[in-house]
Amino acid sequence: MNSDAQLKRFVPSPARKPKDSEMTVLRWIRSRCFNSVGNSILTLLVLGLVFYVLDYALNWAVFDAVWHASNRRECMDISPGGACWAGVIDWFNGLMYGRYPIEEQWRVNLGVVLAVAWLLPLSCRSLAHRSLMLVSWIALYPFLGAWLFLGGGFGAETGPFHAILTSLAAGFMAMCYVNWLLAMLKRPSLTDIIYPLVARFVARQTHIFSLLLVWLVFSGVAGGLLSQVALAPVAIERWGGLFLTLIIASFAITMSIPIGVLLALGRRSKLPVIHWLCLLIIELVRAVPLITVLFMAVTLLPIFLPSDMELNKLSQVLCAVCLFAGAYMAENIRGGLQAIPRGQYEAAQTLGLGYWMTMLLIILPQALRLMIPNIMTSFISILKDTTLVSIIGLFDIMLMARNIANDKNWIGLHTEPLAMISILFFVMCYGMSQYSINLEKRLKVDR
Amino acid sequence: MSQFNEARATVSEAASRPAIRIDGLNKWYGAHHVLRDVSLTIAEKEIMVVCGPSGSGKSTLIRCLNHLEEYQEGAIAVFGHELQRDQKTEKFIHQTMGMVFQNFNLFPHLTVLENCTLGLTWLRKKPEAEAREIAMTLLERVGIAQLANRFPGQLSGGQQQRVAISRSLAMDPKIMLFDEPTSALDPEMVKEVLDVMVNLAQTGMTMVCVTHEMQFARQVADRVVFMEDGEIVEVGPPEQVLLNPQWDRTKAFLDHIL
């Protein structure tokens, strides 16, 4: 046996630089696109094709296009081979807001701004209660939005319950903003400020009680202020355009996750009744085209409901779209759940976590993360599928676009509105897809 | 080694109350009879090493102890509490016994610290600061406090297993079950995990370890159980079972492994 003194000392050999392989643009093109005769021909062919298509498309859409005209005939006279964007521009307001009264459209804009603003503090990662903000947005924003968009007296038409929820929503948002501001100024949040005061009366769960107290005070003030505001009523039938499309899509997207999670968990449940019920819903809804589900919602749902309960067409459609999106989402999520190793369940069980805690804290966060690409694909398809509601007569962006061709000034103008919608949808969907890639990168750290 | 055993001697004498009593345990996977009339009593503060060839039912045995597996016949009592299939028992089991798995089973979406504080904040309802303090003390004890904010995926196997041990200890169990804690580790990482287990043994924890680490068994175990085909072949102090086995099957296994 060697003693230590006899052992040779290991010295690692010095690291070498790789062979010079600096990639210049020219070298890259030559090595990738022109490295053989066949490849060169292919490259040239594709380049030619791209040039041909671009040339045609740009000429039609930009260089020969007509931007100002009062009707389609004028467009034709100015430039017969170009796009007649004048019609789309003329109808732009309709495409965005449907038949929403022009003087009230600021409410729609404000609603969208509020919806985005509510979520904005979420990007501040150091803020406490971030998940609460998202949950509150899903649970409360719809009431605030409904009040803003529907108008009428505060609680006069939709009932006192709606007025209370609207006040709670406004109060919550105001509270979040004040807390956000305080956090940015490195000051203690409102909850922390009144914490000692509340602690004098409540010994347990003091934090939650202080939060509730601040929220209620804010809601009271918000309710008082809002009740002074009188908005002109706007009937749901007048909602339309991109506004309506976004309402349906965002509703379906946000609801699809909780519905999908419940259906997926139900399908994996060991309780036979729940298992079979969820299985039935998922398989039934997935096996039927969306149009059928929509028609059924509009024609069949009123029959099942008690006769004194009347739902408007939009609510019926929202129910149908949510169910449809939820059933698809359930299968996505089930796929994610199956990818989680059994050891995770066992580890959670040995710690003593019950079913719901295991799911909410351990399994679902991992499963959803794993399924981000699939979930985002579902979101995108939900957004695009909402255009189907035009078939049952909701004036969403698709129906508004088709209406342009029926306008006596722009009779037969089909291509340009559809092109415009395609561009709009591409921008929205591409944005979502980029966001999901971003999200995946950010969450990949821990894998 | 001898010094260690002296320190433990007082522990063994104090250990008279049975921590776990297994009575005629039988388990089948379909028609496959995996546990056959297993009876065993483990005293409080005793360190029991279970060894045997793969498929001998040793993992199944300790998984039955904390109800990760069902069993068809027999009874298990923990600190005199007869285990039933009900919510109350499940709660009791998880409060009394911690478990360390072969594949660590850390929660990959949580940091090392969050892995350890999860049970404290959500089950024991401890305030966040207190939970963090407890977890950091434990992480320091296993020598990875500096990695508290890393994610499990960024750690080596040995480090992950040490986190897993801290995670179990954070819940303050009376009994620790180890299911082949070093089998998934590279050889050079086995020692760091065994060191932690040896330290834990010195604190007077009741431990049941399924392991192939015979050195560990000789050094720490009060008794060694040798299992084969779902049956207990031999039980006794390590010197007896490991150095002077009574049964040919034990001897054949030991010749193989040592």
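By convention in this document, chain letters (A, B, ...) are assigned in the order of the sequence lines, proteins followed by strands, and residues within each chain are numbered from 1.
- The environment of CD in Gln72(B) is crowded: more than 12 heavy-atom neighbours from other residues, nucleotides or ligands sit within 6.0 Å.
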Under 3.5 Å, sequence neighbours excluded: what are the donor-acceptor pairs made by side chains of residues 333-342 of chain A?
{"unit_1": "Arg334(A)", "atom_1": "NE", "unit_2": "Glu331(A)", "atom_2": "OE2", "d": "3.2"}
{"unit_1": "Arg334(A)", "atom_1": "NH2", "unit_2": "Glu331(A)", "atom_2": "OE1", "d": "3.0"}
{"unit_1": "Arg342(A)", "atom_1": "NE", "unit_2": "Glu346(A)", "atom_2": "OE2", "d": "3.2"}
{"unit_1": "Arg342(A)", "atom_1": "NH2", "unit_2": "Glu346(A)", "atom_2": "OE2", "d": "2.9"}

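- Looking at His94(B), its side chain does come within 3.5 Å of a backbone N or O of Gln349(A) through a donor-acceptor pair.
- Going from atom CG of Leu361(A) over to atom NE2 of His109(B) covers 7.0 Å, rounded to the nearest 0.5 Å.
- The number of heavy atoms from other shown groups lying within 6.0 Å of CD (Gln146(B)) is above 12.
- Remark: Tyr345(A) OH is packed, more than 12 non-hydrogen atoms of other residues, nucleotides or ligands lying under 6.0 Å away.
- In this structure, the side chain of Asn105(B) engages the main chain of Gly343(A) through a donor-acceptor pair within 3.5 Å.
- Taking CG of Leu360(A) as the reference point, atom CH2 of Trp122(B) lies at 8.0 Å (rounded to 0.5 Å).
- Counting heavy atoms of neighbouring residues, nucleotides and ligands inside a 6.0 Å radius, atom CH2 of Trp276(A) does not exceed 12 of them.
- Closest non-hydrogen pair, Met357(A) versus Leu123(B), comes out as SD-CD2, 4.1 Å.
- Note: Leu177(B) CG to Thr350(A) OG1 = 9.0 Å, rounded to the nearest 0.5 Å.
- Of the two parts of Glu69(B), only the side chain, counted from C-beta on, holds a non-hydrogen atom closer than 4.5 Å to a non-hydrogen atom of chain A.
- Within a 6.0 Å sphere centred on CD of Gln434(A), other residues, nucleotides and ligands contribute more than 12 heavy atoms.
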As a quick check of understanding, evaluate side-chain contact (heavy atoms from CB on, under 4.5 Å) for Ile362(A) and Leu118(B), giving each step before the final call.
CA-CA 10 Å; Ile362(A) 311 296; Leu118(B) 182 91; 3.6 Å; yes

Under the side-chain contact (heavy atoms from CB on, under 4.5 Å) rule, what do Ile363(A) and Phe107(B) come out as? Steps first, then yes or no, please.
CA-CA 9 Å; Ile363(A) 307 299; Phe107(B) 305 130; over 6 Å; no

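- For residues 136-144 of chain B, an interface with chain A (any heavy-atom pair closer than 4.5 Å) does not exist.
- No more than 12 heavy atoms of other residues, nucleotides or ligands lie within 6.0 Å of OH in Tyr430(A), so this atom counts as exposed by the packing criterion.
- Heavy atoms of Arg63(B) lying under 4.5 Å from chain A belong exclusively to its side chain.
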